[in-house]
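Some notes on the structure that comes next.
Quick note: numbers below take in every heavy atom, side chains included, and nothing from hydrogens, waters or symmetry partners.
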Amino acid sequence: MEAKVLDSWVMAEFATPEALVSATQQMREKGFQGMDTYSPYPLHGGSEALGLPPSRVPFIALGGGLTGMVTALTMQTWMNTVDYPLNVGGRPLLSLPAWVPITFELSVLFAAFGIFFGLLGLSKLPQPYHPAFESEEFRSASTHGFWLSIPHPTGTDAADVKNQLTALGATHVTVVSGENE
């Protein structure tokens with residue numbers, strides 16, 4: 001069996017964020033997968049309507065913070081007890097309370113870097129090109145438009161999807177193709 005090539009999208013614009021979230025939920029209930037919403041600001045209920053799993057960002061932050069903590073403790077242990085032991089004022093060479101500030105700072109730094117690069121990876125950024133960018137009407141997604149994109153296999157008729165989106169209240173429906181002219 002041949003795999004279906006998904007390089008076309010049906011794009012629909014809605015007048016309000018509530019209409020977009022409602023249409024997204026209804027299209028997901030009809031069995032459409034791989035949908036995405038575009039709006040100038042986050043939508044309340046948008047993630048639930050798309051059926052997105054819980055965010056992985058907290059686990060990325062935890063991993064980064066623990067990596068920073070282990071790095072700081074390992075670095076300070078090596079420097080203060082093995083590489084260059086220096087007894088200052090009778091303090092023990094393995095002095096964990098003295099290392100708290102550095103450990104905290106490296107934990108925060110590694111967590112921040114982990115979140116930054118993790119979000120880039122999870123968002124699949126940078127994405128310099130997507131066929132939707134060619135649609136002149138889609139430019140409103142960054143200022144005042146509320147858009148829903150639904151992928152569909154090349155060679156199939158998108159009229160049924162267009163009719164369903166229009167019935168759900170879409171003000172503008174278009175098909176964009178991933179083929180370069």
Side-chain angles (χ1 to χ4, degrees), residues 1-65 67 108-181:
M1 178 181 243
E2 291 184 27
K4 295 180 180 180
V5 178
L6 296 173
D7 63 353
S8 297
W9 291 264
V10 177
M11 304 285 296
E13 183 178 18
F14 293 87
T16 64
E18 294 81 16
L20 172 61
V21 171
S22 175
T24 304
Q25 179 67 38
Q26 292 178 36
M27 292 302 280
R28 187 170 68 89
E29 289 171 357
K30 292 179 182 180
F32 289 95
Q33 299 294 321
M35 297 183 296
D36 204 359
T37 57
Y38 305 92
S39 70
Y41 51 83
L43 299 175
H44 180 68
S47 297
E48 293 83 9
L50 286 170
L52 297 177
S55 176
R56 293 179 281 187
V57 174
F59 298 110
I60 293 171
L62 176 64
T67 302
V108 170
L109 179 68
F110 278 47
F113 280 143
I115 291 171
F116 179 76
F117 291 112
L119 279 175
L120 284 179
L122 291 174
S123 301
K124 298 179 181 129
L125 292 175
Q127 184 178 14
Y129 177 76
H130 188 279
F133 301 159
E134 297 297 324
S135 173
E136 193 66 36
E137 296 86 11
F138 184 70
R139 293 179 190 271
S140 68
S142 64
T143 57
H144 64 278
F146 304 98
W147 288 82
L148 173 65
S149 70
I150 302 176
H152 75 282
T154 301
T156 61
D157 187 22
D160 181 45
V161 178
K162 290 173 72 172
N163 292 338
Q164 290 181 39
L165 289 168
T166 303
L168 291 174
T171 58
H172 183 269
V173 182
T174 185
V175 177
V176 293
S177 175
E179 298 172 3
N180 291 334
E181 268 42 82

Nearest heavy-atom contact between Gly118 and Ile60 is CA-CD1, 4.0 Å
Spatial distance of atom CG (Leu62) from atom CZ (Arg56) [nearest 0.5 Å]: 15.5 Å
Side-chain donor or acceptor of Ser22 paired with backbone N/O of Glu18 under 3.5 Å: no
Please tell me if the side chains of Asp36 and Trp9 come closer than 4.5 Å, counting only heavy atoms from C-beta onward. no
Kindly say whether His152 contributes a backbone atom to a donor-acceptor pair with the side chain of Ser8 at under 3.5 angstrom? no
State whether the number of non-hydrogen atoms from other residues, nucleotides or ligands found under 6.0 Å of Lys30 atom NZ is greater than 12. yes
Nearest 0.5 Å, please: how far is CD in Gln164 from CE in Met27? 4.5 Å
Testing the basics here: between Ala49 and Gln25, what is the closest heavy-atom pair and its distance to 0.1 Å? CA-OE1, 3.3 Å
Contact summary for Arg28 and Gly51, nearest pair of heavy atoms: NE-N, 3.6 Å
Quick one: does Ser140's side chain have a donor or acceptor within less than 3.5 Å of a partner on Glu137's backbone? yes
For the atom pair CG (Leu120) and CD1 (Ile115), what is the distance rounded to the nearest 0.5 Å? 12.0 Å
Once rounded to the nearest 0.5 Å, what's the spacing between atom OG1 of Thr171 and atom CD of Glu13? 4.5 Å
Gly34 to Pro151 - nearest heavy-atom pair and separation: O-CD, 3.3 Å
What one should report as the nearest heavy-atom pair of Val176 and Ser135 is CG1-CB, 4.1 Å
Can you tell me how far CZ of Phe14 sits from OG1 of Thr37, rounded to the nearest 0.5 angstrom? 11.0 Å
So which heavy atom on Ala141 is nearest to which on Tyr38, and how close? CB-CB, 4.1 Å
Hey, could you give me the CG/CG distance between Leu43 and Leu50, rounded to the nearest 0.5 Å? 9.0 Å
With Val173, which of Val161, Leu148, Thr166 fulfils side-chain contact (heavy atoms from CB on, under 4.5 Å)? Thr166
Kindly check if the number of other-residue, nucleotide or ligand heavy atoms within 6.0 Å of CZ (Phe133) is above 12? yes
Check whether any side-chain heavy atom of Phe146 sits under 4.5 Å from a side-chain heavy atom of Val21, and report yes or no. no
Is a side-chain donor or acceptor of Ser55 paired with a backbone partner of Val57 at a separation under 3.5 angstrom? yes
